[in-house]
Amino acid sequence: MQSSIDTLINFTADKDLKAIAQKVKDQQRITDEEGVILFEKASLGFAGTLANFIRERLHGDTTYFNRNFHIEPTNVCVFSCKFCSYSRLYAQKEEGWELSIEDMLNIVKTYDGKPITEVHIVGGVHPKMNMDYFIELMQKIKAHRPELHVKAFTAVELDYMFRKAKLTVEEGMKRLHAAGLDSLPGGGAEIFAPEIREQIAGDKVNAEGWLRIHEVAHELGMHSNATMLYGHIEKYEHLVDHMSRLRDLQDKTHGFNTFIPLKFRNHNNDMSHVPESTITEDMRLYSIARIYLDNFPHLKAYWPMLGRDNAQLSLSFGVNDIDGTIDDSTKIYSMAGSEEQTPKMSTEELVTLIKQVKRRPVERDTLYNVVKDFSNEVFVAQPAAHLN
Ligand code: V47
Ligand code: SF4
């Protein structure tokens with residue numbers, strides 16, 4: 001019997017697409033030109049079949065999730081990204097929030113005794129929350145719960161922190177790592193190409209700065225993620241350029257764990273006139289990312305942004321990770337109009353969501369070590385307590 005990829009190769013008339021499908025079958029890398037061709041010509045069925053083939057070759061049916069929560073120290077921000085629905089300028093700080101170290105430590109303490117493995121800390125770039133503030137935070141979190149993995153600070157926050165402290169990226173990163181920073185989240189990448197970045201996020205760290213910060217983290221043995229904000233004013237060539245820069249750095253360092261495409265949401269921001277992408281476009285983008293980024297082990301659909309139904313669908317389009325329980329601890333997407341207004345899922349809900357599409361739910365830690373395989377877990381009916 002022919003496999004789905006052989007059928008696809010045999011029945012594809014377009015010679016460019018046929019060549020791409022053959023490359024995927026032979027585990028060969030596609031070029032930037034072929035990346036653009038996929039965006040221009042591939043149907044959802046074509047791209048999805050290839051992406052699913054790669055996903056199953058890499059991970060079989062395994063779908064990862066983790067038990068995590070977020071802390072957003074502040075939404076006061078010195079920058080003014082046009083797509084951001086969440087930040088408030090310092091002049092309007094009464095409309096925002098600013099958490100003290102004690103507030104944040106108290107959030108961590110609310111998880112005492114619960115099987116959480118990761119705290120994800122990101123927020124606005126507050127002019128008064130400096131390096132020393134965050135070093136103290138890291139140290140206090142680690143003193144309280146040493147085994148909790150701290151994934152914190154986008155390259156945007158780090159760039160500002162290091163520049164204010166007059167430290168090189170190497171010096172700053174070493175200090176934070178020593179204080180307890182374990183890995184970096186993927187935020188702040190947006191779109192690297194300057195002609196787009198300048199229009200949507202012109203005043204924050206540029207592509208070279210973002211990539212350098214991740215490179216230094218990798219050199220110190222830390223892992224990180226990478227995001228891409230898609231579905232606004234960018235063109236296909238900018239998406240490929242973005243992924244190309246990430247693929248090049250990954251060839252050099254192998255420090256990225258996961259690629260996370262972030263769908264632009266258009267509520268309450270300066271780009272509300274830009275329509276959002278359709279679900280077909282979303283799934284096509286995930287698929288093409290899976291095909292193009294052959295050196296990224298994982299592709300994540302961040303369900304608080306995409307919505308849980310679409311995150312579930314993406315498990316057939318290359319995605320093998322759907323982030324974690326979250327516990328209603330992030331506001332970035334609810335403020336930007338996501339259908340997930342109070343994002344939290346119990347472990348049971350996450351496992352059920354994965355099983356419904358015949359995948360195998362596996363709880364991971366931040367570095368993708370298996371914590372527990374839930375494939376044979378039968379949940380007994382219980383009250384809706386989350387993080388059980
Ligand atoms: O950099 C802000 C994005 C990012 C909007 O590493 C928006 O595991 C869409 O990076 N529409 C921060 N996106 C969040 C982030 C992240 C999230 C989950 C997991 C990980 C990880 C990282 O949120 C920002 C920006 O690209 N964002 N506003 C918006 N209106
Ligand atoms: Fe600030 Fe981040 Fe919002 Fe940009 S996306 S304005 S850097 S909080």
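Numbers for residues simply follow the sequence, beginning at 1. Remember, it's 1-based here, ligands and their atoms both numbered in the order they're listed.
Considering backbone and side-chain N/O atoms, R265 comes within less than 3.5 Å of an N/O atom of ligand 1. For ligand 1, the polar-atom distance check finds an N/O of G186 within less than 3.5 Å of one of the ligand's N/O atoms. Between H70 and ligand 1, no N or O atom pair is found at a separation short of 3.5 Å. At a 3.5 angstrom cut-off on N or O pairs, K300 counts as close to ligand 1. The shortest N or O to N or O distance between A189 and ligand 1 is not under 3.5 Å.
Proximity of a side-chain donor or acceptor of D182 to a complementary backbone N or O of M222 within less than 3.5 Å is not detected. In this structure, the side chain of E136 does not engage the main chain of Y133 through any donor-acceptor pair within 3.5 Å. A donor-acceptor distance shorter than 3.5 angstrom exists from the side chain of N320 to the backbone of L299, with no hydrogens or angles considered. Listed for the E363 side chain is no donor-acceptor partner under 3.5 Å among the backbone atoms of N66.
F374 carries K372 over the face of its six-membered ring, with the cationic atom under 6.0 Å from the centre and within 45° of the normal. Seen from the ring of Y368, R364 counts as a face-on cation partner, given the 6.0 Å and 45° thresholds. For R247 and F296, the positive end is not near the middle of the six-membered ring at less than 6.0 Å and at most 45° from its axis.
Residue-ligand proximity: V122 is placed with every non-hydrogen atom at 4.0 Å or more from ligand 1. Assignment of A201 to the shell around ligand 2 is not supported, since no heavy atom sits closer than 4.0 Å. Using 4.0 Å as the threshold, M271 has no heavy atom nearer than that to any atom of ligand 1.
Atom 2 (Fe) of ligand 2 has K204 NZ, 4.3 Å as its closest protein atom, hydrogens excluded (heavy atom only). Scanning the protein heavy atoms around atom 1 (Fe) of ligand 2, the nearest turns out to be C77 SG, 2.3 Å. Given atom 3 (Fe) of ligand 2, the protein heavy atom at minimum distance is C84 SG, 2.4 Å.
Residue contact annotation: C81 places no N/O/S atom under 2.8 Å from atom 1 (Fe) of ligand 2.
Interface of P185 with ligand 1, defined as ligand atoms under 4.0 Å from a residue heavy atom, comprises 6 (O). Under a 4.0 Å criterion applied to the non-hydrogen atoms of N225, ligand 1 contributes the atoms 6 (O), 8 (O), 21 (C). In the vicinity of G124, heavy-atom distances shorter than 4.0 Å reach the ligand 2 atoms 8 (S). Near L229, the atoms of ligand 1 lying under 4.0 angstrom from a non-hydrogen atom of the residue are 7 (C), 9 (C), 13 (N). Close approach of ligand 1 to E190 (heavy-atom distance below 4.0 Å) involves ligand atoms 1 (O), 24 (C), 25 (C), 26 (O). For ligand 1, the atoms sitting less than 4.0 Å from at least one non-hydrogen atom of T227 are 10 (O), numbered in the order shown with element in parentheses. Within ligand 1, counting atoms from 1 as listed, the ones closer than 4.0 Å to a heavy atom of F264 are 9 (C), 11 (N).
The nearest non-hydrogen atom to atom 1 (O) of ligand 1, considering only S87, G188, G324, comes from G188. With D321, L262, I260 as candidates, the residue nearest to atom 4 (C) of ligand 1 on a non-hydrogen basis is L262. With atom 29 (C) of ligand 1 as the reference point, the heavy atom nearest to it among F83, W210, F259 is part of F83.
Atom NZ of K41 sits in a crowded spot, with more than 12 heavy atoms from other residues, nucleotides or ligands closer than 6.0 Å. Other residues, nucleotides and ligands contribute more than 12 heavy atoms inside 6.0 Å of the NZ atom of K142. Heavy-atom contacts from other residues, nucleotides or ligands closer than 6.0 Å to CD of E102 number 12 or fewer.
Here K263 has backbone heavy atoms under 4.0 Å from ligand 1, and that is the only part of it that gets that close. Only the side chain of K151 comes within 4.0 Å of ligand 1, counting heavy atoms alone; its backbone N, CA, C and O stay farther away. By the criterion of a heavy-atom distance under 4.0 Å, the side chain of S87, and not its backbone, is placed next to ligand 2. Heavy atoms of Y302 found under 4.0 angstrom from ligand 1 belong exclusively to the side chain. Only the side chain of N269 comes within 4.0 Å of ligand 1, counting heavy atoms alone; its backbone N, CA, C and O stay farther away.
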For K204 and D159, run salt bridge (charged side-chain N to carboxylate O under 4.0 Å, His left out): C-alpha distance rounded to whole Å, both residues' side-chain angles, the deciding distance at 0.1 Å, then the answer.
-> CA-CA 9 Å; K204 68 188 189 188; D159 169 69; over 6 Å; no

Give the intermediate values and the outcome of ring-ring contact (aromatic ring centres under 6.0 Å, His included) for residues H214 and F256.
-> CA-CA 8 Å; H214 283 255; F256 287 117; 5.7 Å; yes

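Hydrophobic cluster membership differs between V362 and L350, with clusters built from Ile, Leu, Val, Met, Phe, Trp and Tyr side chains linked at under 4.5 angstrom. Two different hydrophobic clusters hold F11 and F53 under the rule that ILVMFWY side chains link at heavy-atom gaps under 4.5 Å.
Nearest approach of I233 to Q199, heavy atoms of both residues: CD1-OE1, 3.5 Å.
A donor and an acceptor atom, one from each side chain of T63 and R55, are located under 3.5 Å apart.
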